[in-house]
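Have a look at the structure below before the remarks.
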Amino acid sequence: MNNPSSGKRLIDALTDRPVDRPPFWFMRQAGRYLPEYRKVRAQIGDFLEMCYTPTAAAEVTLQPIRRYGMDAAILFADILLIPDALGQKLEYREGEGPVLQPVRDGAALAALKPERIHERLAPVYETVERVAGALPDGTALIGFAGSPWTVASYMVEGHGSKEFQETRLWAMRDPQGFGALIDVLTEATIEYLSRQIEAGAHAVQLFDSWAGVLSEDQFTRWCTVPTRSIVGRLKLRYPDVPVIGFPRGAGSKTPEYAAATGIDGVGIDTTMPPRWAASTLQATVAVQGNLDPLAVVAGGRVMEDQARHILEALSYGPFIFNLGHGIVPQTPPEHVAALSDLIRDWRTS
Ligand code: CP3
């Protein structure tokens with residue numbers, strides 16, 4: 001048979017195989033909008049500790065799958081585990097988000113310990129093993145990491161930001177010094193994702209949440225080039241494991257990013273017109289996206305009309321239905337159920 005199914009819709013969509021309907025999953029599908037997540041979170045208390053507790057992390061990874069039967073589970077972890085494992089001080093403060101001891105010069109960079117990351121990250125690999133062993137056969141497990149640029153932006157600023165001025169200034173004034181940080185992150189990310197794949201992840205995603213703040217040449221240098229290194233090295237080791245890139249906010253730079261990095265799928269955010277994505281991207285890569293997370297808060301006709309608009313534009317090429325960014329905590333769980341049913345009932349043939 002030509003191109004037989006892998007047995008997983010998500011993998012089929014990423015590897016040019018036919019699917020009966022588009023696979024779907026939702027960014028941040030494990031999270032505070034689910035009462036069963038809040039229960040586990042309250043028991044453990046600290047978010048970082050939850051990421052490093054395999055039984056809890058595996059449980060919350062599986063919760064949305066049990067409720068909604070998505071085609072993929074995404075490992076429960078966080079993109080800032082890499083700075084934490086490198087030895088940078090990190091805490092998550094209630095209502096404030098992550099706070100880190102900033103890394104802004106060569107001395108702070110030299111104090112990081114790349115050779116020690118797997119000691120700290122071992123529980124994450126155990127979570128992957130547990131989830132891979134517990135998922136239904138047709139459901140894929142997505143491993144993930146932040147992209148070097150986005151992770152670096154938190155490391156340098158010390159917290160979330162809208163402009164990332166410290167990071168962009170360091171990159172402009174001292175590209176070699178900043179490039180050394182990007183190189184450390186690139187190597188750590190390759191090793192981290194490799195271990196996730198060895199532990200049982202069927203695909204991996206790189207979150208470049210802050211790719212959208214960069215000019216053309218800076219975007220190429222700090223987003224596209226490191227992503228290409230990561231994808232190239234993973235492909236040498238694991239040629240059959242698809243890689244999804246999500247350069248949020250990349251807009252018209254996305255086609256070049258998709259072609260140059262060698263990714264198999266590209267995430268698009270809510271601002272990208274689905275028809276434009278179909279015509280400029282689907283000949284090269286599978287497209288993943290891009291319903292506004294707030295449409296799922298609104299629910300009803302608003303959500304359904306926007307979801308159908310996306311399905312009509314994108315489901316006739318390689319496509320994975322997702323949101324344009326993560327589910328927000330105030331999302332009613334029953335709206336996620338209605339959206340899942342709508343996608344499950346969609347037929348492309
Ligand atoms: O369900 C999933 O998608 C898997 C788990 C996941 C989390 N974070 C859990 C999480 C994934 C894939 C991420 C990625 C992540 N983390 C990104 C990239 C995607 C994006 O949203 O742009 C970024 C930038 C982070 C960093 C981060 N983690 C921030 C800024 C925050 C605080 C904001 C917030 O939502 O509270 C976190 C915490 C975090 N990561 C939570 C979850 C479920 C909330 C923690 C809690 O329970 O209080």
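Atoms within a ligand are numbered from 1 in the order they appear, just like the ligands themselves. As a basis for the values below, the full set of heavy atoms in this structure was taken, side chains included, without hydrogen atoms, waters or symmetry mates.
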**OP:** On the 0 to 90° scale, with breaks at 30° and 60°, tag the Phe178-Trp222 ring pair as parallel, tilted or perpendicular.
**Re:** perpendicular
**OP:** Run down the list Tyr154, Tyr92, Phe207 and name the one with the heavy atom closest to atom 38 (C) of ligand 1.
**Re:** Tyr92
**OP:** Side-chain contact test, heavy atoms from C-beta onward, threshold under 4.5 Å: evaluate it for Leu86 versus Ile117 and give yes or no.
**Re:** yes
Original post:
Can you tell me which residue and heavy atom of the protein come closest to atom 11 (C) of ligand 1, and the distance to 0.1 Å?
Top reply: Phe144 CZ, 3.6 Å
Subject >> Test of proximity, Trp210 against ligand 1: N or O pairs below 3.5 Å >> reply: no
**OP:** Please write down residue, atom name and distance for the protein heavy atom closest to atom 7 (C) of ligand 1.
**Re:** Ala77 O, 3.2 Å
Original post:
Within a strict 4.5 Å, meaning less than it, do heavy atoms of the Leu291 and Asn322 side chains meet?
Top reply: no
Subject >> Heavy-atom side-chain contact between Leu193 and Ile230 under 4.5 Å >> reply: yes
Original post:
Quick one: nearest non-hydrogen protein atom to atom 4 (C) of ligand 1, plus distance?
Top reply: Leu75 O, 3.4 Å
Original post:
What's the spacing between Ile343 CD1 and Ile310 CD1 if we round to 0.5 Å?
Top reply: 9.0 Å
**OP:** State if Phe246 counts as touching ligand 1 under the rule of any non-hydrogen atom under 4.0 Å.
**Re:** no
Subject >> Per-residue contact class, Thr150 against ligand 1 - non-hydrogen pairs under 4.0 Å >> reply: neither
Original post:
For ligand 1, is there an N or O atom under 3.5 Å from any N or O atom of Glu94?
Top reply: no
Subject >> Ring geometry between Phe164 and Trp210 (parallel below 30°, tilted from 30 to 60°, perpendicular above 60°) >> reply: tilted
**OP:** Note the single closest protein heavy atom to atom 39 (C) of ligand 1, along with its residue, its atom name and the distance in Å.
**Re:** Phe47 CZ, 3.4 Å
Subject >> Nearest neighbour in protein (non-hydrogen) for atom 22 (O) of ligand 1 >> reply: Ser209 OG, 2.6 Å
Original post:
Starting from atom 34 (C) of ligand 1, which protein heavy atom do you reach first, and at what distance in Å?
Top reply: Arg32 NH2, 3.2 Å
Subject >> Contact check, Phe26 vs ligand 1, heavy-atom distance below 4.0 Å >> reply: no
**OP:** Return the option from Leu81, Asp78, Ile79 holding the heavy atom at the smallest distance from atom 40 (N) of ligand 1.
**Re:** Asp78
Original post:
What atoms of ligand 1 come closer than 4.0 angstrom to any heavy atom of Ala30?
Top reply: 1 (O), 43 (C)
**OP:** Pull out every atom of ligand 1 sitting under 4.0 Å from any heavy atom of Pro98, numbered as shown with elements.
**Re:** 29 (C), 30 (C), 31 (C), 32 (C)
Original post:
Is any N or O atom of Phe76, backbone or side chain, closer than 3.5 Å to an N or O atom of ligand 1?
Top reply: no
Subject >> Nitrogen or oxygen atoms of His325 and ligand 1 under 3.5 Å apart >> reply: yes
Subject >> Residue of the set Val302, Val328, Ile327, Leu323 for which side chain to side chain contact (heavy atoms under 4.5 Å, CB included) holds with Val296 >> reply: Leu323
Original post:
For ligand 1, which atoms have a heavy atom of Ile74 less than 4.0 angstrom away?
Top reply: 1 (O), 2 (C), 3 (O), 4 (C)
Subject >> Salt-bridge contact Arg41-Asp46 (side-chain N to carboxylate O under 4.0 Å) >> reply: no
Subject >> Any side-chain heavy-atom pair of Arg17 and Ile11 under 4.5 Å >> reply: yes
Original post:
Could a heavy atom of Gln205 be found less than 4.0 Å from some atom of ligand 1?
Top reply: no
Original post:
By number and element, which atoms of ligand 1 are closer than 4.0 Å to a non-hydrogen atom of Tyr37?
Top reply: 43 (C), 45 (C), 46 (C), 47 (O)
Original post:
So does Arg9 pair up with Asp71, basic N to acidic O under 4.0 Å?
Top reply: yes
Original post:
Do Leu185 and Met155 come close enough that some side-chain heavy atom pair is under 4.5 Å?
Top reply: yes
Original post:
Do the rings of Phe24 and Phe26 sit parallel, tilted or perpendicular, given the 30° and 60° boundaries?
Top reply: tilted
Original post:
Any idea which part of Arg41 is under 4.0 Å from ligand 1, heavy-atom wise: side chain, backbone, both or neither?
Top reply: side chain
Subject >> Protein contact to atom 13 (C) of ligand 1 [nearest heavy atom, distance to 0.1 Å] >> reply: Arg28 NE, 3.7 Å
**OP:** Check whether any protein heavy atom sits under 4.0 Å from atom 30 (C) of ligand 1.
**Re:** yes
Original post:
Is the closest heavy atom of Pro64 to ligand 1 under 4.0 Å?
Top reply: no
Original post:
Just by distance, do the side chain of Lys8 and the backbone of Asp137 share a donor-acceptor pair under 3.5 Å?
Top reply: yes
**OP:** Please examine the side chains of Asp264 and Val241, heavy atoms only from C-beta on, and report whether any two atoms are closer than 4.5 Å.
**Re:** no
